[in-house]
Amino acid sequence: MRNPGTVGISPRVYVSYTRDSPEHVRSVREFAAFLRTGLGVDAEHDEWHATERRDWIAWTVDQLRTAEFVLAIASPEYKRVADGGRQRTEGRTREFEAAMLRDNLARNIPESTRRVLPVVLPGGRPEDIPDCLCSSSQDYYSIPEFTRDAAEDLLRVLTGAPLHEKPPLGTFTPPAPGVDPVVVVHRAAVPPTDRVLAVGAVVDLGGVRRLVDGRHWSEHPNRDHSAVCRQARASALPPDDGSAWLRQVAVRQPTGAADAAVAALAREHEILTVLDGRAPELPRPLGFFRDGHLATLATRWPTSRSLGGPGETLATDIPAAGESVDPWRMRQVLRGVAGLCGALAALHATGAAHRNLAPERIIRLDDGRLALVDLGLAASAPTPGEGPDRYRAPEQRRGSSRLTGAAADVYQVAAVTCHLLTGTPPSPAVALPIRGRVPALPDSAAAVLDAALAADPAARPAMSALIAALSTLPAIPA
């Protein structure tokens, strides 16, 4: 096999996935195309060969044997099949493919660990990486958006290009006899380990000890890799009680980008302090903590009496694509969204906008209200390509010349609401009328949601219009 890092030779990869949904298949296809056109990686994807009849098992065997790398795309169905479950659709090709990956892993763990790379696409979750590929000591590669910056870590592995070149070995000179060698080691300041957010760690913030769980933990570098940004949910240890949402910036190098990341957390804490108590749907600040190279913002994660612990996010409430939502559930969603819009209106009154609304950042309370876990990007300057992939407003996309502000929150609220009612987020190309997919939706609610998804920010209604239309609903017909 050729050296993957050879200059001028594109690494050959095979994209392995399952067909969880049309949206997931489209995302995988766009990722494979991005690998070829955006990164110059010689990627293979089965849909590019679907126009001719062939022996797909033989074709898959050939791809798995000849590819320098196999990119295993994380998804619930892929995890189930790869970990030995029976496949639900498409015959048994994917089941056979997963069996080959497990067999190769069992035969040669080091080589399979090098070749088979777990990848999490936009909207995906690390929890959906198959257990057989997710040892606690192994990496995975998160691609939050299809850009070269976002894919840099994966590209370095595919090409064998290290982030830092290993320096040449100097000449070793042993000390003269009878002289004790003196070794002087200069080390960068390392923050205390009881402050760093890591899965399973106990962190001490303001005298409260909290246990960090792994379900909502994530970590990624900032744009110039001068800082590491982490977030996690953590549970307080006795005698304290309750859960917190922690966001942390660990500065590696004191650059302007690193300073801006720390300043954004401090600014968000200031905004939260101003808004504290104005609406139950807003995050409650627990403190902003500086400790050397670390800056951590803590907000309250609401507790659910029915669950006996931390509340769940709306990610658990999304129906399957095409699944009908009963009228009672529909009204509960709309009223919860109306309250959320009120909290966002209070945020807008401070001159800031969330700009990062997604089901994973919204918690369902016991009484049906919806609460924010944080203020998203409210304390950061708008940047092209920001925001959640499936709910990003048109003006947030790269190449847009429009300003990003409160209208982006209007779009994202409508996009999340459509996903909760239909099981499918609106298409970024064209937003179809929601009434066609939810016939029971009241006219006023359908009209305001359709208007909120307008491509032009100036054409969208104000947040107050969403509040009025979604909080006053006609009675359910008997």
Side-chain angles (χ1 to χ4, degrees), residues 21 23-24 26-27 30-31 34 74-75 119-128 142-147 149-151 215-220 222-223 229-233 245 247 264 268 283 312-318 321 337 340-341 343-344 347 352-364 370-400 402 404-429 431 449 452-453 455 457 460 463:
S21 67
E23 292 76 21
H24 180 65
R26 182 175 61 252
S27 180
E30 291 174 355
F31 173 60
F34 165 69
S75 69
V119 174
V120 179
L121 295 185
R125 306 183 308 162
E127 293 88 343
D128 292 329
S142 178
I143 311 294
E145 58 183 356
F146 297 152
T147 64
D149 287 345
R215 183 174 178 187
H216 296 278
W217 182 91
S218 67
E219 176 185 84
H220 66 274
N222 67 338
R223 289 189 176 275
C229 304
R230 306 184 182 99
Q231 60 184 19
R233 188 176 69 187
W245 177 240
R247 299 164 74 194
E268 182 171 342
E312 291 283 3
T313 70
L314 287 185
T316 62
D317 287 359
I318 296 175
V337 171
L340 186 67
C341 289
L344 291 169
L347 173 62
H354 193 286
R355 310 195 321 270
N356 199 33
L357 295 166
E360 295 79 9
R361 308 188 84 87
I362 302 171
I363 303 173
R364 182 185 68 253
L370 304 179
L372 298 168
V373 298
D374 55 44
L375 297 185
L377 303 174
S380 303
T383 57
E386 68 173 19
D389 181 63
R390 293 194 287 184
Y391 313 99
R392 184 179 295 125
E395 63 270 24
Q396 293 181 290
R397 298 175 193 139
R398 294 185 184 276
S400 174
R402 296 188 175 101
T404 301
D409 286 356
V410 172
Y411 180 95
Q412 291 179 357
V413 163
V416 170
T417 304
C418 288
H419 202 177
L420 291 171
L421 296 179
T422 68
T424 306
S427 168
L449 290 175
L453 294 174
R460 296 174 200 151
M463 195 65 77

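Model, not experiment: these values are computed from the prediction.
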Next item on the list: Give a yes or no on whether the backbone of Asp374 and the side-chain of His354 come within a donor-acceptor separation of less than 3.5 Å.
Entry: yes
Next item on the list: Compare all side-chain heavy atoms of Leu344 with those of Leu357 and state whether any distance is below 4.5 angstrom.
Entry: yes
Margin query: Nearest 0.5 Å, please: how far is CD1 in Ile363 from CG in Leu340?
Written below: 11.5 Å
Next item on the list: Indicate yes or no: at least one non-hydrogen side-chain atom of Ile318 is less than 4.5 angstrom from one of Leu420.
Entry: yes
Next item on the list: Could you pull out all residues at least two apart from Phe31 that satisfy ring-ring contact (aromatic ring centres under 6.0 Å, His included)?
Entry: Phe146
Check: Of all residues at least two apart in sequence or in a different chain, which pass the ring-ring contact (aromatic ring centres under 6.0 Å, His included) check with His24?
Finding: none
Note to self: I need the minimum non-hydrogen distance between Ala151 and Phe34, along with the two atoms involved.
What the structure shows: CB-CE2, 4.0 Å
Next item on the list: Show your working on side-chain contact (heavy atoms from CB on, under 4.5 Å) between Val373 and Ile362 and close with a plain yes or no.
Entry: CA-CA 6 Å; Val373 298; Ile362 302 171; over 6 Å; no
Check: Which heavy-atom pair separates Pro394 from Arg460 by the least distance, and what is that distance?
Finding: CD-NH2, 3.3 Å
Note to self: How long is the straight-line distance from CG of Asn222 back to CG of Asp149, given to the nearest 0.5 Å?
What the structure shows: 11.0 Å
Check: Nearest heavy-atom pair of Thr313 and Pro359: which atoms, and what distance?
Finding: CB-O, 3.5 Å
Item checked: Glu268 with Arg247: basic N within carboxylate O range, under 4.0 Å -> yes
Margin query: Does either side chain, that of Ser400 or that of Glu395, offer a donor lying less than 3.5 Å from an acceptor on the other one?
Written below: no
Checklist line | Straight-line distance of Arg223 CZ to Cys229 SG, nearest 0.5 Å | finding: 11.0 Å
Check: Can you check salt bridge (Lys or Arg N to Asp or Glu O under 4.0 Å) on Arg390 and Glu23, steps first, answer last?
Finding: CA-CA 10 Å; Arg390 293 194 287 184; Glu23 292 76 21; over 6 Å; no
Note to self: Please report the interatomic distance CG(Leu370) to CZ(Arg361), rounded to the nearest 0.5 Å.
What the structure shows: 15.5 Å
Next item on the list: Could you walk me through whether Gln231 and His216 pass the side-chain contact (heavy atoms from CB on, under 4.5 Å) test, one step at a time?
Entry: CA-CA 7 Å; Gln231 60 184 19; His216 296 278; over 6 Å; no
Notebook entry, point to check: How would you list, by chain and number, every residue that makes a side chain to side chain donor-acceptor pair (under 3.5 Å) with Glu360, sequence neighbours excluded?
Noted result: none
Checklist line | Qualifying residue for side chain to side chain contact (heavy atoms under 4.5 Å, CB included) with Ile143, from Val120, Val119, Asp389 | finding: Val119
Next item on the list: Return the minimal non-hydrogen interatomic distance between Trp245 and Ala232, and the atom names on each side.
Entry: CE3-O, 3.4 Å
Next item on the list: Identify the heavy atoms of Gly387 and Leu377 that sit nearest to each other, and give their distance.
Entry: N-CD1, 4.0 Å
Item checked: side chain to side chain donor-acceptor pair (under 3.5 Å) involving Asn356 - partner list, sequence neighbours excluded -> none
Notebook entry, point to check: Side chain of Arg392, backbone of Glu386: donor and acceptor closer than 3.5 Å?
Noted result: yes
Note to self: Nearest 0.5 Å, please: how far is CG in Leu314 from CZ in Arg364?
What the structure shows: 7.0 Å
Next item on the list: For the pair Arg355 (side chain) and Ser380 (backbone), establish whether a donor and an acceptor sit closer than 3.5 Å, ignoring hydrogens and angles.
Entry: yes
Next item on the list: Please report the closest heavy-atom contact between Ala358 and Val416, naming both atoms and the distance.
Entry: CA-CG2, 4.1 Å
Notebook entry, point to check: Under the 3.5 angstrom rule, does the side chain of Gln396 hit a backbone N or O of Thr404 as a donor-acceptor pair?
Noted result: no
Check: side chain to side chain contact (heavy atoms under 4.5 Å, CB included) with Cys341: which residues, sequence neighbours excluded?
Finding: Val337, Val413, Met463, Leu466, Ile467
Item checked: Qualifying residues under side chain to side chain donor-acceptor pair (under 3.5 Å), relative to Glu219, sequence neighbours excluded -> Arg230
Next item on the list: Quick one: do Tyr391 and His419 satisfy side-chain contact (heavy atoms from CB on, under 4.5 Å)? Show the steps, please.
Entry: CA-CA 9 Å; Tyr391 313 99; His419 202 177; 2.6 Å; yes
